[in-house]
Amino acid sequence: MIFLGSDHAGFELKEFIKSFLEKKGLKYLDAGTNSLKSVDYPDYALKVAKKLMEDSDKSSFGILVCGTGIGMEIAANKVTGIRAALVHDEYTAEVAKRHNNANILTLGGRTTTPTEAERFIDKFMSFEYEGGRHGNRISKITFIEKLEC
């Protein structure tokens, strides 16, 4: 399952992504927003992050879109277990999965074209997490999540 969410600035790109996923025969759940009316991106980052963490399918992931992708990335990464990655090219989409075991991609609705979004999503989905030397780093991230600062 792919969990989708956006604010108003990412709405149009999210709608394009839905049609792209439908053409590929992939299942998704759209957590909103559902219009260009101004909304707060943290609300949708939280919805997608929570749905992803409640899902038992380890192949599930999320895609969040706001104006730049930065706000969604920051907000989603506040949820324990989420590793959201803002991607801006095919290389960052690849290593987000291979090295960082990202489970949410964030994109900028004002900075990412529909064609780029297709390429980034395809690249992300074509790789598996490598583990190995990266596992120790992911463990350290998990440790940081558990700290009460």
Side-chain angles (χ1 to χ4, degrees), residues 1-18 20-21 26-112 116-118 120-149:
M1 178 67 67
I2 301 168
F3 298 96
L4 301 174
S6 74
D7 68 358
H8 56 284
F11 174 72
E12 290 176 335
L13 184 58
K14 178 182 60 94
E15 293 300 298
F16 174 83
I17 291 168
K18 285 169 45 176
F20 169 69
L21 297 175
L26 298 170
K27 293 182 182 180
Y28 66 86
L29 186 144
D30 183 355
T33 192
N34 298 310
S35 75
L36 293 170
K37 181 182 175 204
S38 183
V39 295
D40 297 328
Y41 62 83
D43 298 336
Y44 297 93
L46 180 59
K47 284 182 183 184
V48 166
K50 285 177 68 175
K51 288 186 180 301
L52 181 60
M53 295 313 298
E54 292 167 357
D55 190 65
S56 61
D57 184 350
K58 298 301 176 195
S59 67
S60 294
F61 67 96
I63 301 172
L64 290 168
V65 189
C66 64
T68 63
I70 297 168
M72 286 291 200
E73 179 188 37
I74 292 169
N77 277 321
K78 300 298 181 187
V79 176
T80 299
I82 294 299
R83 290 172 307 281
L86 172 60
V87 299
H88 52 84
D89 56 32
E90 290 177 70
Y91 178 72
T92 55
E94 176 184 336
V95 296
K97 185 63 168 181
R98 289 179 52 218
H99 295 186
N100 305 116
N101 200 17
N103 51 14
I104 294 182
L105 290 181
T106 69
L107 301 168
R110 295 176 177 149
T111 61
T112 307
E116 289 171 331
E118 287 180 347
F120 303 165
I121 294 165
D122 275 341
K123 185 63 80 168
F124 181 82
M125 291 190 307
S126 69
F127 285 93
E128 296 292 325
Y129 171 56
E130 288 180 358
R133 72 183 194 276
H134 306 292
N136 185 50
R137 297 164 187 158
I138 299 302
S139 294
K140 288 181 178 190
I141 292 170
T142 302
F143 174 79
I144 291 169
E145 286 177 335
K146 295 177 182 176
L147 292 177
E148 293 184 25
C149 299

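These values consider heavy atoms only, across backbone and side chains, with no hydrogens, waters or symmetry-generated copies.
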Practice problem: From the options D55, N103, L29, select the one residue that forms a side-chain contact (heavy atoms from CB on, under 4.5 Å) with S60. | Solution: D55
Quiz item: Which of these passes side-chain contact (heavy atoms from CB on, under 4.5 Å) with I82: L46, N77, V48?
Solution: N77
Quiz item: Looking at side-chain heavy atoms only, is the closest gap between I2 and F61 below 4.5 Å?
Solution: yes
Practice problem: Could you walk me through whether I138 and Y129 pass the side chain to side chain contact (heavy atoms under 4.5 Å, CB included) test, one step at a time? | Solution: CA-CA 11 Å; I138 299 302; Y129 171 56; 3.4 Å; yes
Practice problem: First locate atom CD1 of I104, then atom CG of L52, and finally report the distance between them rounded to the nearest 0.5 Å. | Solution: 5.5 Å
Quiz item: What distance do R98 atom CZ and E128 atom CD have between them, rounded to the nearest 0.5 Å?
Solution: 11.5 Å
Check whether [X] reaches the backbone of [Y] with its side chain - one donor and one acceptor, N or O, closer than 3.5 Å.
X: K14; Y: D30; value: no
X: N100; Y: A102; value: no
X: T92; Y: V87; value: no
X: Y44; Y: M72; value: no
X: D7; Y: V39; value: no

Self-check item: Salt bridge flag under 4.0 Å for residues E15 and K18
Solution: yes
Quiz prompt | Y91 atom OH, over 12 foreign heavy atoms within 6.0 Å | solution = no
Practice problem: List the atom of A75, the atom of A45, and the distance in Å for their closest heavy-atom pair. | Solution: CB-CB, 3.6 Å
Exercise. Of all the heavy-atom pairs spanning L13 and A117, show the shortest one and how long it is.
Key: CD1-CB, 4.0 Å
Exercise. List the steps, then state whether side chain to side chain contact (heavy atoms under 4.5 Å, CB included) holds for E118 with F16.
Key: CA-CA 9 Å; E118 287 180 347; F16 174 83; 3.1 Å; yes
Practice problem: List the steps and the verdict of side chain to side chain contact (heavy atoms under 4.5 Å, CB included) for T111 and H88. | Solution: CA-CA 8 Å; T111 61; H88 52 84; over 6 Å; no
